[in-house]
A.B. asks: 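Next up is a structure, given as structure tokens.
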Amino acid sequence: MVVNCERVANEVAIQLGNLGFYFRLSVKHGLQAMNLSPSTIYSATSDYLNDPEVSSKLEQCVTSLEFRLGLTTLEQLKYSGGGRVVHKSLPSITANYVERREAWNIMVRTLIESTPKDGQRLFVISGLGGCGKSTLVTKFAWEYQPRFDQFFFIDANSESTIRADLIQSVRSIGPQYSQVSFDEALSFFTSPKNKTWALVYDNADDVSLNLTSLIPNASHGVILITTRNRSLAQITSGVHLELDVMSKSEAVEVLIRSSRRETMDEDAYQLEELAAEVGYLPVALVQAGSYMFQTGCSAEEYVSVLRNHRKDMMETPASGQRDKTHRSAYSSFDMSYERLSSQLRDFLHIISCFHRANFPMAAIPFAAKANFRLKLVDLGDEGELFEDSIKLLQTVFCPSGKWQDRTVHQLLASLQNYSLVTHSSTYGSILLQIHPLIHSWANDRIPQERTKLIKAAACRLLACASMEEALEGHLMAHIDALLSAPDHITINDQAAFAQKLRAMDRFTESEVIWKRTFEHVHKKYGPSNIFVATAALGWADTLISDLDRMRDLEASAIEIFITILGPDDPQTLKATMCLAATCWRQGLYSEAEALERQVLENCLQRLGEHDDVTVDAKAALSSTLRSIGRFEESEKLQRGVLQYRIRTYGESHPGTLDSMSELGCMKMYQGHLEEAENILRIVVQKQQATLGKEHPTSLGALNALSLVLMKEEKYVEAEEIQRWLLQMEKRSGKTRPSLVQSMANLAHTLFRTQKYTEASKLQQRVLKAQINSLGRHHPQTVNALLHLVDIYNAQERFAKSHRLLFTAYTEMRQFYDPSVPQSSSLWSI
């Protein structure tokens, strides 16, 4: 019987020994016949297991069970020796493959053509899910496999899959390796005898995976790693390829191939539009092409369906594909989502409520340091989710209970490690970027029961950030994104966003929100309420083309503030400054000056000299005095304002730069042109860096600089700046005051350079716009009329110029005080 058992064991070993899953463990023969005590059995078993050969066999057995090594079929067991261990073949190349020339050249140059210093070529390709990393490496494998003795794909999804694939790869080489362990498999690749091999660690996306311990540390061979985790680039001193989305031409080619259709020239634009709609992402392009092939729809029809049913379309995978790499775009992103902590998921959901590009990460610490409770506007309506939204923001951004500066960097790095976001830096600001499909996917993945809370938290974060003037240039696109669905935005936050719209000269949009806000608080609190007065001032500030209505609203607000708070309260004083500014716009300079002097006197008595409201009052009075030619007093006030703001906020703060700009304009009007130019160039540079080139404040400073250049007869640079400014203003599609000013300035420069025809056309538009917005009797309208007279005279159109001149002097007598220096010779004041 014993002999028979040994014979059968030997036969089984021959049959299954090279499959890597047969392990025979047998204690010494004869023990079963003895009447042994448990201690004796334990001692004998321990001696058996401590035998080096048995211990090694047991270790291999455990490894095979853990990593499911040596799988075979019943059919293979029929034959002597079983089936040979066969490693999985190379992945198939998609039929829709389009060469990405730039990435391909980098790959070939690094892995085939160059000679690395350390002998081993380690190449990391990172990028977001579905961008084509595995496809690119698969093409490389098929192209260059003949150059290598071994070329294996390793599933790098986890440590267990890496160990299993690497062991199975080596065991598939031959029977002599059928029992190798993981360490022995690594030793195979590090051996000097085996130098011509290539390993692809595909989809090494787990950020917690210690990949360096799982790859051969050798001075030869080729290792390629595809991953969403860009931090893996740190494991190589060689080339790291961050694979982006496709180029426009590559994306169109994928659409043509996957839709199986010939394209005509007239279809090219539609295909380009479709490619842009899905962000040039390969997996989404294949989805689109597959859908077009199955349904016969055009690219234009697909875009329409996608915009209306994006979630359903992006969750449906492309069908009929030979390879399995083409999941749906959303399922590709879901693989990363499943690995995210709840904190990262909430962060991703919150930022998905904003615009996908250029979210300023500096908004987070600014809001967090104030516990997310800042209010740019307080109308008494916080909303039912106010406290819950703050609690959520604190959980995400202050998990330890207080703000820590490194939190932003940790959150950003974590999402970047999954290739869900990228970032750029500009003038020291970190701006977050999200691919358009990831952006929509992240928003679609917000749990339905938490949608209102997440959006309330996003609004709260942005409303707090809107109080930081330095962030103003980066916030508008994100405010627009939130206002596109205003249902969950509180009245307070809507008013804050409306105020930011007004700061960007978007008067009409701001007016709509403020009017709705005013009607809401008026209905809720009645006519004589501080919140109503606050809303009235906000609404008034948008009525730039209805100055009478603006003045009425401001007067009513002042009356409420005086009744409830008294005449010397800061809110009353601020409202009075608004009324003074309206008087100035109406050409009532004496009335504006009287109001501003009254406000300044009250501020000095009630608040003291070193208070923001007092300083703002000085700045307002200085501006009015400058506009009517009282330069000496104006400059004295403005220098005091500038010194205070530099001392309090620093040299680059928007308020400080406003004061510098005013001082530069002052020097221009005083004829100190070189000094004015130097000041304004500094202002323009700093405002563009802080607020962006297209912010109204930046445009205003650049406009002032162009006037100085014109007066210095530097006409070429002045005209270049003014044409660019006019182009920027026209993009708004509305005739705003700044657009009228840009046209007037360019017309003056053209007049100075004797380009009378173009100057005449521009100045006629200026005059028409001033009549429509300010009326025929306003000083600025008459000023525009006089400029047109100058142009007509230069063109020798004397009949027209004389008629206009008579009209101008008739109007001037209504508002000019003979004791005040005339400003009609100045352009665009």
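Residues: numbered from 1 along the sequence shown.
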A.B. asks: Using a 3.5 Å distance criterion without hydrogens, assess whether the side chain of Gln688 forms a donor-acceptor pair with backbone atoms of Lys693.
C.D. replies: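 No, the answer is negative, given that no donor and acceptor are paired below the 3.5 Å cut-off.
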
A.B. asks: Should the heavy atoms of other residues, nucleotides or ligands under 6.0 Å from CZ of Phe293 be counted, would the total exceed 12?
C.D. replies: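 Count not over threshold, so no.
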
A.B. asks: Looking at Asp205 and Arg228, is any side-chain nitrogen of the basic one under 4.0 Å from a carboxylate oxygen of the acidic one?
C.D. replies: yes

A.B. asks: Run the salt-bridge test on Glu301 and Arg307 with the 4.0 Å N-O cut-off and return the result as yes or no.
C.D. replies: no

A.B. asks: Can you list the steps and then say if Phe397 with Phe347 is a ring-ring contact (aromatic ring centres under 6.0 Å, His included)?
C.D. replies: CA-CA 8 Å; Phe397 300 115; Phe347 176 46; 5.7 Å; yes

A.B. asks: In this structure, are over 12 heavy atoms from other groups packed under 6.0 Å from Asp149 atom CG?
C.D. replies: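 Buried by this count: over 12 neighbours within 6.0 Å.
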
A.B. asks: Looking at Lys686 and Ser652, what are the two nearest heavy atoms and their distance?
C.D. replies: CD-OG, 4.0 Å

A.B. asks: Are Ile225 and Leu122 side-chain neighbours, meaning at least one heavy-atom pair lies under 4.5 Å?
C.D. replies: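 Answer yes - side chains close enough.
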
A.B. asks: Under the rule for ring-ring contact (aromatic ring centres under 6.0 Å, His included), what residues qualify as partners of His349, not counting sequence neighbours?
C.D. replies: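 Partners of His349 by the ring-ring contact (aromatic ring centres under 6.0 Å, His included) criterion, ordered by chain and then number, come out as Tyr337.
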
A.B. asks: Taking atom types as modelled, find out whether Thr407 and Asp405 have a side-chain donor-acceptor pair closer than 3.5 angstrom.
C.D. replies: no

A.B. asks: Is any side-chain N of the basic residue among Asp206 and Arg339 closer than 4.0 Å to the acidic one's carboxylate O?
C.D. replies: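 Looking at Asp206 and Arg339, the cut-off is met.
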
A.B. asks: Determine yes or no for a side-chain-to-main-chain donor-acceptor pair under 3.5 angstrom, with Thr110 supplying the side chain and Ile106 the backbone.
C.D. replies: yes

A.B. asks: Between Tyr302 and Ser259, do the side chains contain a donor N or O and an acceptor N or O under 3.5 Å apart?
C.D. replies: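 No, no side-chain donor-acceptor contact under 3.5 Å.
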
A.B. asks: Of all the heavy-atom pairs spanning Val200 and Phe151, show the shortest one and how long it is.
C.D. replies: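 The pair with the smallest heavy-atom distance is CG2-CE2, 3.6 Å.
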
A.B. asks: Check whether Ser328 reaches the backbone of Thr316 with its side chain - one donor and one acceptor, N or O, closer than 3.5 Å.
C.D. replies: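 No, the answer is negative, given that no donor and acceptor are paired below the 3.5 Å cut-off.
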
A.B. asks: If you draw a 6.0 Å radius around CD in Glu102, do more than 12 non-hydrogen atoms from other residues or ligands fall strictly inside?
C.D. replies: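 Counting other residues, nucleotides and ligands, CD of Glu102 stays at 12 neighbours or fewer.
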
A.B. asks: Closest approach of Thr161 and Ala156, non-hydrogen atoms and distance?
C.D. replies: OG1-C, 4.1 Å

A.B. asks: How about Tyr144 and Phe148: are their ring centres within less than 6.0 Å of each other?
C.D. replies: no

A.B. asks: Taking all heavy atoms of Asn358 and all of His478, pick out the closest pair and write down the distance.
C.D. replies: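 Looking at all heavy atoms of both residues, the shortest contact is O-NE2, 3.0 Å.
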
A.B. asks: Should we say atom CD of Gln433 is surrounded by more than 12 heavy atoms from elsewhere, each under 6.0 Å from it?
C.D. replies: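 More than 12 heavy atoms, drawn from other residues, nucleotides or ligands, come within 6.0 Å of this atom.
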
A.B. asks: Write down the atom of Ala288, the atom of Leu255, and the distance for their closest heavy-atom approach.
C.D. replies: CB-CD2, 3.9 Å

A.B. asks: Is the closest basic N to carboxylate O distance between Asp334 and Arg445 below 4.0 Å?
C.D. replies: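 Salt bridge flag = yes for Arg445 with Asp334.
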
A.B. asks: Where do Leu271 and Ala299 come nearest, in terms of heavy atoms and distance?
C.D. replies: CD2-CB, 3.8 Å

A.B. asks: Side chains of Asp480 and His355: closer than 4.5 Å at any heavy-atom pair?
C.D. replies: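 No; the side chains remain at least 4.5 Å from each other.
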
A.B. asks: Could you tell me if the side chain of Trp104 sits less than 4.5 Å from the side chain of Leu136, heavy atoms only?
C.D. replies: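 In short, these two side chains touch, coming nearer than 4.5 Å.
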
A.B. asks: Check whether His439 reaches the backbone of Phe354 with its side chain - one donor and one acceptor, N or O, closer than 3.5 Å.
C.D. replies: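 It does hold such a pair.
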
A.B. asks: Just wondering, do Val278 and Leu437 contact through their side chains at under 4.5 Å, heavy atoms?
C.D. replies: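 They are in contact (side-chain heavy atoms under 4.5 Å apart), so the answer is yes.
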
A.B. asks: Under 4.5 Å between any side-chain heavy atoms of Lys133 and Cys131, yes or no?
C.D. replies: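 SC-SC contact between Lys133 and Cys131 confirmed.
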
A.B. asks: Can a salt bridge be assigned to the pair Lys248 and Glu253 using a cut-off of 4.0 Å between side-chain N and carboxylate O?
C.D. replies: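 Looking at Lys248 and Glu253, the cut-off is not met.
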
